[in-house]
Amino acid sequence: MDHDNPAEKALIGEALCTLPDFDLGPTFDRISPNDFADRRHQTIWGAMGAIQASGKRPTLPALDEHLKTTGATQTAGGPDYLAELLETINQLVGLDESARLVWEAASRRRIAAEARLCAEAAAGEGGSLKAAGGRLRALVDSLEQRETAREPVLDGWSCLVREYEREALPALQTGFSQLDELVQFSPGRLYVVGGRPGSGKTTLTLQIALQALSKYEEAHALFVSCEMGPGELVKKALCTLSGRDFLTPFTAKASAYDKGKALADAGDGWESLLKRLHLTYSRSIDDANNAARRLIAAGFPLRVVVIDYISAMTAPGSAGAMDNRSREVGAVSRLCKSMAQDLGLVVFAPSQLNRSSAGSNPRAPVLSDLRDSGEVEQDADAVLLLYREDMEDPDALADLIVAKNRWGQLGAFKLRPELSKHRFRD
C-alpha cells in the first residue's frame with residue numbers, strides 16, 4: 001500500500017536538489033529503502049543509493065536513466081512522479097530534518113508491528129508471548145543504539161576545520177567595489193536590503209544579480225518578485241545591462257520594426273546572460289523555494305536568489321494561522337535563511353521600511369526602521385539600508401548603509417543613481 005508521506009517526499013527531493021559538493025553518504029548510510037512506507041519511495045531511494053555507491057551524484061536525470069535501465073520506472077510511480085515529488089517540497093526543513101522524520105516514522109511502524117504481535121500472543125491468537133516480548137525489546141534496543149550512533153559529536157578541532165572549509169568558499173562579488181570591501185557575500189547567508197518605496201531596492205538587487213552573472217559565466221540567478229512579472233523584470237534587466245531604454249520599444253504603441261529591432265539587439269548582446277537569469281512572480285516563499293530547488297535539480301549552478309520583497313511574502317500555511325503580520329514576516333525571513341543554508345546560496349531579500357521613518361523630516365534609516373524588523377534583523381547576516389535624501393532629484397547621491405554585518409565591519413558609502421537606466425554606479 002502506498003502512503004501520502006510528505007516527509008518521505010521531502011527527503012527524496014532534498015537529496016536530489018543538494019549541491020555537487022555536499023556529501024550525501026551519511027544520509028544514505030542512515031536511511032535505507034526499507035525505512036520508507038511508500039513502495040515507490042523504496043524503489044526511488046534504492047536507485048539513488050545505487051547511483052551514490054557507484055561514485056556518481058543522484059541527480060534527477062541520473063535517477064531517471066537508472067530507473068529506465070533497471071526497468072523500475074513504473075515501480076517508482078511512472079515517469080511523471082519524480083517531477084511531482086519536486087513540486088511537493090513546500091517546507092524548508094532541510095535534508096537532516098527530513099531524514100530524521102523518515103527515520104522516526106519508520107521506527108514507530110516497526111515498534112507498532114511488533115507490539116501487535118505481542119498483543120496477539122497475549123490474547124492466545126498465535127505465537128509465544130515470551131518470544132514476541134523478546135523481539136519487541138530487542139527491536140527497541142536496536143533502534144535506540146542505531147539512533148545514538150548517528151548523533152554526531154564533534155571535537156573542537158573538527159569544528160574548526162569545518163568552519164575553515166565553509167569560510168574558504170568563494171564570496172560572491174556584487175560588482176560594487178566598496179560594498180565588496182565591507183561585506184563578504186558568502187554562500188549560505190541572508191542579506192536584507194531595506195529601503196523606502198521608490199528608493200531603488202529592486203533596481204539595486206536586480207543589478208547585483210546581473211553583475212554576478214556577468215562575472216561568473218557558469219552561474220545562474222533566480223529573481224522572485226511580488227510586484228512585477230517576468231516580462232517587466234527582463235526589460236528592466238536589459239536597461240540595467242545596456243544603459244538603453246528597452247521599455248519603450250516593447251509598449252503597445254511601438255511599431256513592429258522597433259519591437260523586432262529591440263529583440264534583435266537584446267539577443268546580440270545579452271541572450272547568453274539572460275538565459276541564466278530565471279524570473280518568476282509570486283507572493284509565496286514556498287514558490288520561491290520550489291523554484292530554486294527545481295533549478296538545482298535540473299543541473300543549473302544556482303548561486304544567487306533575490307526575494308523581492310520579504311515583507312510582502314506569505315509563509316507556508318499562514319492563512320489564518322499567524323496572529324499578526326510581524327510573526328508571518330519573521331517566519332518568511334527564517335525560511336529565506338534556511339533556503340540560503342540548505343542550498344548553499346547567497347539570498348538577497350529587499351524589505352520595506354516603516355512609514356514613520358520618512359515622515360515630514362526624513363532622516364537616514366536605522367535597523368529598527370525595518371518593517372516588522374525583530375526577526376528579520378535577527379535572521380539576516382547583514383542588513384543594507386538604501387537611503388536617498390532627495391527622492392525628487394534623480395541625480396542626488398544615495399547612501400548605502402551597512403547597518404548590520406555579522407562577519408565584518410559596519411560602514412556607509414555613496415552610490416550615484418542612474419534610475420533612467422535602472423541602475424546605480426559606485
Side-chain angles (χ1 to χ4, degrees), residues 17 19 60-61 170 172-176 179-180 185 187 191 193 200-252 254-282 287-309 339 343-350 417-426:
C17 293
L19 296 178
L60 186 60
L172 183 83
Q173 301 296 305
T174 67
F176 292 103
L179 179 58
D180 291 335
F185 293 93
Y191 301 89
V193 182
K201 302 182 302 298
T202 298
T203 296
L204 180 62
T205 49
L206 178 59
Q207 184 177 354
I208 287 174
L210 292 169
Q211 289 175 171
L213 294 181
S214 296
K215 182 173 180 61
Y216 307 101
E217 295 183 355
E218 300 301 320
H220 286 242
L222 170 66
F223 198 104
V224 183
S225 174
C226 67
E227 291 187 325
M228 290 187 285
E232 297 172 280
L233 284 168
V234 74
K235 288 182 285 187
K236 187 179 179 74
L238 281 168
C239 294
T240 303
L241 290 166
S242 67
R244 291 175 44 193
D245 176 15
F246 269 90
L247 301 180
T248 303
F250 287 99
T251 60
S255 67
Y257 172 81
D258 289 339
K259 292 177 182 177
K261 185 176 185 306
L263 183 61
D265 290 346
D268 287 342
W270 309 108
E271 180 181 357
S272 175
L273 186 148
L274 292 178
K275 284 183 175 179
R276 295 183 287 119
L277 175 66
H278 305 272
L279 306 164
T280 187
Y281 170 88
S282 180
D287 291 344
N289 173 47
N290 289 338
R293 290 169 186 270
R294 285 196 300 271
L295 289 171
I296 292 172
F300 296 114
L302 190 63
R303 290 202 65 179
V304 183
V305 172
V306 179
I307 307 296
D308 185 29
Y309 51 96
M339 182 193 301
L343 301 182
L345 303 172
V346 176
V347 175
F348 289 94
E418 293 183 350
L419 299 185
S420 62
K421 299 177 181 178
H422 298 271
R423 64 190 185 188
F424 289 86
R425 292 290 189 189
D426 269 327

Evaluate the side-chain contact (heavy atoms from CB on, under 4.5 Å) criterion for residues Leu247 and His422: first the C-alpha distance (whole Å), next the side-chain angles of each, then the deciding distance (0.1 Å), finally the verdict. CA-CA 11 Å; Leu247 301 180; His422 298 271; 3.5 Å; yes
Once the angle between the rings of His220 and His278 is folded into 0 to 90°, is it parallel (under 30°), tilted (30 to 60°) or perpendicular (over 60°)? parallel
Is there a donor-acceptor pair closer than 3.5 Å between any side-chain N or O of [X] and the backbone N or O of [Y]?
{"X": "Gln211", "Y": "Ile208", "value": "no"}
{"X": "Asp180", "Y": "Gln173", "value": "no"}
{"X": "Arg276", "Y": "Glu217", "value": "yes"}
{"X": "Arg244", "Y": "Cys239", "value": "no"}

Quick test of your reading of the model: are Lys275 and Glu271 salt-bridged, counting only N-O distances below 4.0 Å? yes
Sidechain N-carboxylate O distance under 4.0 Å for Asp245, Lys421: no
At what distance, to the nearest 0.5 angstrom, does [atom1] of [X] lie from [atom2] of [Y]?
{"X": "Phe246", "Y": "Lys235", "atom1": "CZ", "atom2": "NZ", "value": "12.0 Å"}
{"X": "Leu241", "Y": "Leu274", "atom1": "CG", "atom2": "CG", "value": "6.5 Å"}
{"X": "Ile296", "Y": "Leu60", "atom1": "CD1", "atom2": "CG", "value": "13.0 Å"}
{"X": "Leu233", "Y": "Leu279", "atom1": "CG", "atom2": "CG", "value": "5.5 Å"}

Within a reach of under 6.0 Å around NZ of Lys215, are more than 12 heavy atoms found that belong to other residues, nucleotides or ligands? no
Tightest non-hydrogen contact, residues Lys201 and Pro350, listed as CB-CB, 4.1 Å
Can you name the closest pair of heavy atoms from Leu213 and Ala221 and give their distance? CD2-N, 3.7 Å
Is the shortest heavy-atom distance from the side chain of [X] to the side chain of [Y] under 4.5 Å?
{"X": "Leu345", "Y": "Pro187", "result": "no"}
{"X": "Leu302", "Y": "Leu343", "result": "no"}
{"X": "Leu206", "Y": "Asp308", "result": "no"}
{"X": "Asn289", "Y": "Asp287", "result": "no"}
{"X": "Val304", "Y": "Leu222", "result": "no"}
{"X": "Phe223", "Y": "Thr205", "result": "yes"}

Strictly by modelled atom types, are Thr202 and Lys236 linked by a side-chain donor-acceptor pair under 3.5 Å? no
Which is it for Trp270 and Asp265 under the side-chain contact (heavy atoms from CB on, under 4.5 Å) test, yes or no, and what are the steps along the way? CA-CA 8 Å; Trp270 309 108; Asp265 290 346; over 6 Å; no
Please step through side-chain contact (heavy atoms from CB on, under 4.5 Å) for the pair Phe348 and Ile307, ending with a clear verdict. CA-CA 6 Å; Phe348 289 94; Ile307 307 296; over 6 Å; no
Across all chains, not counting sequence neighbours, the side chain to side chain donor-acceptor pair (under 3.5 Å) partners of Ser255 are Asp258
Do we get Arg303 above Tyr216's six-membered ring, with its NZ or CZ under 6.0 Å from the centre and within 45° of the axis? yes
Please check if the distance between the ring centroids of Phe176 and Phe424 is under 6.0 Å. no
Dump the intermediate steps for side-chain contact (heavy atoms from CB on, under 4.5 Å) on Ser214 and Leu273, then the final yes or no. CA-CA 7 Å; Ser214 296; Leu273 186 148; 3.3 Å; yes
